[in-house]
**Student:** 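Take this structure, written in structure tokens, and hold onto it; I'll ask about it next.
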Protein chains: 2
Amino acid sequence: MTAKAEQKERSHETILESAARLLREKGIAGARVADVMKGAGLTVGGFYAHFDSKDALIDEALRRTSGEMRQRLFARLEDKPEGDRAEVVLKRYLSAAHRDDFARGCPLPAVVGEVGTTAREHGDVLGAQVNAMSSELEAYLPTNGGVSPRYLALGLVALMYGGLSLARALRGSPLSDDVLKACRALGSAAARDGAKPVT
Amino acid sequence: MTAKAEQKERSHETILESAARLLREKGIAGARVADVMKGAGLTVGGFYAHFDSKDALIDEALRRTSGEMRQRLFARLEDKPEGDRAEVVLKRYLSAAHRDDFARGCPLPAVVGEVGTTAREHGDVLGAQVNAMSSELEAYLPTNGGVSPRYLALGLVALMYGGLSLARALRGSPLSDDVLKACRALGSAAARDGAKPVT
DNA sequence: CTTCTCATCGTACCGTCGTAATATGACACG
DNA sequence: CGTGTCATATTACGACGGTACGATGAGAAG
């Protein structure tokens with residue numbers, strides 16, 4: 001009896017991984033059930049034995065991809081000088097490599113727009129992910145700036161997400177690289193001095 | 001003979017206005033041809049007498065809405081002290097009112113994600129709009145900062161777009177207001193001191 | 001060996017979307 | 001007053017999407 005259960009669990013995991021990839025590459029509407037199953041080496045028919053609905057799959061995939069991304073983003077920071085850590089995160093997120101690695105990168109660029117317009121039902125899950133990302137970043141920010149670390153972190157998350165999204169949408173144009181560079185510069189300055197208001 | 005031509009021109013304009021509204025409210029895929037025509041008080045049948053395809057309509061609507069938005073965003077700045085103008089733009093863009101006014105606000109939050117994933121064909125038009133917005137903002141930025149006005153402007157555009165997109169996706173949650181506030185603070189500091197690198 | 005279970009498959013239903021072909025009806029012109 | 005033109009309406013087609021249901025076949029249980 002255990003062999004069947006194991007197989008089902010493996011399939012569940014494979015489906016989720018396929019969904020995670022497609023969600024990041026093609027967004028919510030673009031991650032079609034049939035394609036997700038094909039990516040998992042299965043066919044449509046079996047899908048509803050694993051998930052209640054496409055929406056449930058998207059929610060789970062969103063949590064999964066967001067968690068993965070945070071892990072990669074904040075990995076191996078102990079090696080870096082304490083004051084540089086936020087900048088390292090910024091540079092990792094706003095890199096050309098991250099822009100070009102849809103399949104394993106941040107899911108936000110692929111889902112935020114849809115959540116704001118036609119997929120409001122995923123707003124809660126999205127909010128939790130944004131919150132988690134911001135909270136984790138907050139720990140690496142200075143406390144003596146003009147803005148509290150919490151707000152600084154939220155602003156940096158918006159800057160990172162905005163820069164990466166634009167860079168992905170404009171990839172192929174030189175403007176894409178410029179956007180990344182500009183966001184790194186703006187973000188680094190803010191991460192160091194805490195966005196001190198000027199006179 | 002002129003009466004027909006006038007009517008057709010009026011219809012073209014009405015269709016475009018309807019598309020502009022729907023594009024901002026529901027995104028590219030969400031702005032369906034039948035709905036656009038209904039919003040214009042017409043029916044699907046006549047659509048292809050006015051536009052070659054849905055894609056052509058979207059491109060035109062994107063240019064239109066983006067231009068409208070810039071006009072509103074940079075209007076009446078002569079009243080303001082010269083050094084405050086960039087900040088005024090920031091505050092207008094990152095306001096709760098703008099977040100809640102889908103129908104007349106910035107189209108970027110509704111289209112950037114799709115262009116990055118499933119609607120690459122609109123990338124050129126989108127790039128031109130981002131460029132226009134950044135260029136216009138650039139004129140109001142300090143030249144003595146750590147970053148050139150061009151890069152500062154690009155970074156601020158990414159911050160504004162990112163903040164507004166997140167705020168729209170999270171509307172209803174208190175996090176939405178926090179994101180706007182955080183982006184205003186971060187942006188204002190950068191717009192004033194030009195993102196000076198610290199020590 | 002037989003029977004039951006269950007993960008997965010093949011397939012079909014129903015709605016929706018972009019697009020196109022034809023119909024209609026109002027206006028301009030002779 | 002009749003005729004042709006053209007903007008718009010009606011309707012249909014083909015593709016595709018999420019979802020559901022019966023078939024299949026491999027493994028577990030006796």
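Chain A is the first sequence line, chain B the second, and so forth, proteins listed ahead of strands; every chain is numbered from 1.
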**Student:** Leu42(B) CG to dT24(C) P: how many Å, rounded?
**Tutor:** 20 Å

**Student:** How sharply is the helix from dC1(C)-dG30(D) to dG30(C)-dC1(D) bent, taking the axes over five pairs at either end and rounding to 10 degrees?
**Tutor:** 10°

**Student:** Starting at atom CE of Met37(A), determine the distance to atom P of dA7(C), rounded to an integer number of angstrom.
**Tutor:** 12 Å

**Student:** Calculate the interatomic distance between Asp35(B) atom CG and dG18(C) atom C1'; express it in whole Å.
**Tutor:** 13 Å

**Student:** Near DNA chain C, counting only heavy atoms under 4.0 Å, which residues of residues 48-66 of chain A show up?
**Tutor:** Ala49(A), His50(A)

**Student:** Tell me if a side-chain donor or acceptor on Arg184(A) pairs with a main-chain N or O of Leu94(A) at a distance below 3.5 Å.
**Tutor:** yes

**Student:** Kindly state which residues belonging to residues 111-125 of chain B come within less than 4.0 angstrom of DNA chain C, counting heavy atoms of the residue only, listed by number.
**Tutor:** none

**Student:** Whether Gln7(A) contacts dG27(D) is assessed here as follows: a side-chain N or O lying under 4.0 Å from the phosphate OP1 or OP2. Is that the case?
**Tutor:** no

**Student:** Checking Ser66(B) against Arg70(B): is there a side-chain donor and acceptor pair closer than 3.5 Å?
**Tutor:** yes

**Student:** Could you state the CD1-P distance from Ile15(A) to dT8(C), rounded to the nearest angstrom?
**Tutor:** 7 Å

**Student:** Please identify each residue that fulfils side chain to side chain contact (heavy atoms under 4.5 Å, CB included) with Ala110(B), with sequence neighbours left out.
**Tutor:** Thr117(A)

**Student:** Between dT11(D) atom C1' and Phe47(B) atom CZ, what is the distance in whole Å?
**Tutor:** 18 Å

**Student:** Counting only heavy atoms not in Asp52(B), do more than 12 sit closer than 6.0 Å to its CG atom?
**Tutor:** no

**Student:** Without decimals, in angstroms, what is the distance between Arg10(B) CZ and dC6(D) P?
**Tutor:** 17 Å

**Student:** Tell me whether the rings of Tyr93(A) and His98(A) are parallel (<30°), tilted (30 to 60°) or perpendicular (>60°).
**Tutor:** perpendicular

**Student:** What is the distance, to the nearest angstrom, from the CD atom on Glu9(B) to the C1' atom on dC6(D)?
**Tutor:** 16 Å

**Student:** Measure from NE2 on His12(A) to P on dT8(C) and round the result to the nearest Å.
**Tutor:** 12 Å

**Student:** Between residues 16-34 of chain B and DNA chain D, which residues have a heavy-atom gap below 4.0 Å?
**Tutor:** none

**Student:** Pairing donors with acceptors under 3.5 angstrom, does anything connect the side chains of Ser176(B) and Arg99(B)?
**Tutor:** yes

**Student:** Do any N or O atoms from the side chain of Thr65(B) and from the backbone of Ala20(B) form a donor-acceptor pair under 3.5 angstrom?
**Tutor:** no

**Student:** Going by heavy atoms in the side chains, are Asn144(B) and Asp193(B) under 4.5 Å from each other?
**Tutor:** no

**Student:** Judged by modelled atom types alone, do Glu60(A) and His12(A) share a side-chain donor-acceptor pair under 3.5 Å?
**Tutor:** yes

**Student:** Side chains of Arg10(A) and Thr14(A): do they bring a donor and an acceptor to under 3.5 Å?
**Tutor:** no

**Student:** Please identify which of these residues, Arg63(A), Arg24(A), Arg21(A), Arg104(A), meets the salt bridge (charged side-chain N to carboxylate O under 4.0 Å, His left out) condition with Glu68(A).
**Tutor:** Arg24(A)

**Student:** Do Leu156(B) and Leu141(B) pass the side-chain contact (heavy atoms from CB on, under 4.5 Å) test, and can you show the C-alpha distance, the side-chain angles, and the key distance before you say yes or no?
**Tutor:** CA-CA 10 Å; Leu156(B) 287 174; Leu141(B) 294 175; 3.8 Å; yes

**Student:** Does anything in residues 156-172 of chain B pair up under side-chain hydrogen bond (donor to acceptor under 3.5 Å, both in side chains), and if so which pairs, sequence neighbours excluded?
**Tutor:** Tyr161(A)-Tyr161(B)

**Student:** Taking the side chain as every heavy atom from C-beta outward, state whether Asp84(B) and Arg192(B) have any pair of such atoms under 4.5 Å apart.
**Tutor:** yes

